[in-house]
Amino acid sequence: MPETFIIIPGRTSKQGAGISEGKFRKEYQDEINTLLFAPQDFTRLGLKTGDKVRVASEWGQIQVAVAAAKGDELPPGLLFIAYGDLSSRLMGGDTHGSGMPTSKGFDVTVEKMEAV
């Protein structure tokens, strides 16, 4: 059964450092292709690092690997993903005149995918 969360895409310091080293390097790709959960939600859902989930917003959906955020970086109910191809697929195209689509604090549903 899918659960609803609020997702907050953004830039990370690792992502910023990775740009100078190359966007196609493993470290950069790992950063933009991992969805972070609050540790409490991660445990409650029975997730393990590297498990895949399906994330859907009103604009699109993705399949992404997961990990637990460190300590109290994220409160329960919030998710974080670094800006990149996957995060962009969840955002709408309306920029409200700003040139940047709404990318902070929108609802998504998350469903654990069964291992194949």
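This structure is a prediction, so every number in the text was calculated from the model and none was measured. These values consider heavy atoms only, across backbone and side chains, with no hydrogens, waters or symmetry-generated copies. Numbering of residues begins at 1 and proceeds along the displayed sequence.
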Give, for atom [atom1] of [X] and atom [atom2] of [Y], the distance between the pair rounded to the nearest 0.5 Å.
X     : Y     : atom1 : atom2 : result
Thr49 : Leu36 : OG1   : CG    : 9.5 Å
Leu90 : Ile81 : CG    : CD1   : 7.0 Å
Ile8  : Ser87 : CD1   : OG    : 13.0 Å
Ile62 : Leu86 : CD1   : CG    : 4.5 Å
Arg25 : Asp30 : CZ    : CG    : 11.5 Å
Ile7  : Leu78 : CD1   : CG    : 10.0 Å

How close do [X] and [Y] get, counting heavy atoms only, and between which atoms?
X      : Y      : answer
Val108 : Ser57  : CG1-CB, 4.0 Å
Phe42  : Ala67  : CE1-C, 3.5 Å
Gly46  : Asp51  : O-OD2, 4.1 Å
Pro39  : Ala68  : CA-CB, 4.4 Å
Val53  : Val66  : CG2-CG1, 3.5 Å
Met1   : Glu111 : N-OE2, 4.5 Å

Side-chain touch [X]/[Y], heavy atoms, less than 4.5 angstrom:
X     : Y      : value
Pro9  : Met91  : yes
Arg54 : Val110 : no
Val64 : Val55  : yes

Is a salt bridge present between Glu3 and Arg44, judged by a nitrogen-to-oxygen distance below 4.0 Å?
yes
List the steps, then state whether side-chain contact (heavy atoms from CB on, under 4.5 Å) holds for Gln63 with Met113.
CA-CA 8 Å; Gln63 295 176 12; Met113 299 178 65; 3.3 Å; yes
Is it true that a side-chain atom of Asp41 and a backbone atom of Gly77 form a donor plus acceptor pair closer than 3.5 Å?
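Confirmed, Asp41 side chain pairs with Gly77 backbone.
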Residues Phe37, Phe80; criterion ring pair (Phe, Tyr, Trp, His ring centres under 6.0 Å); working and verdict:
CA-CA 7 Å; Phe37 279 79; Phe80 178 85; over 10 Å; no
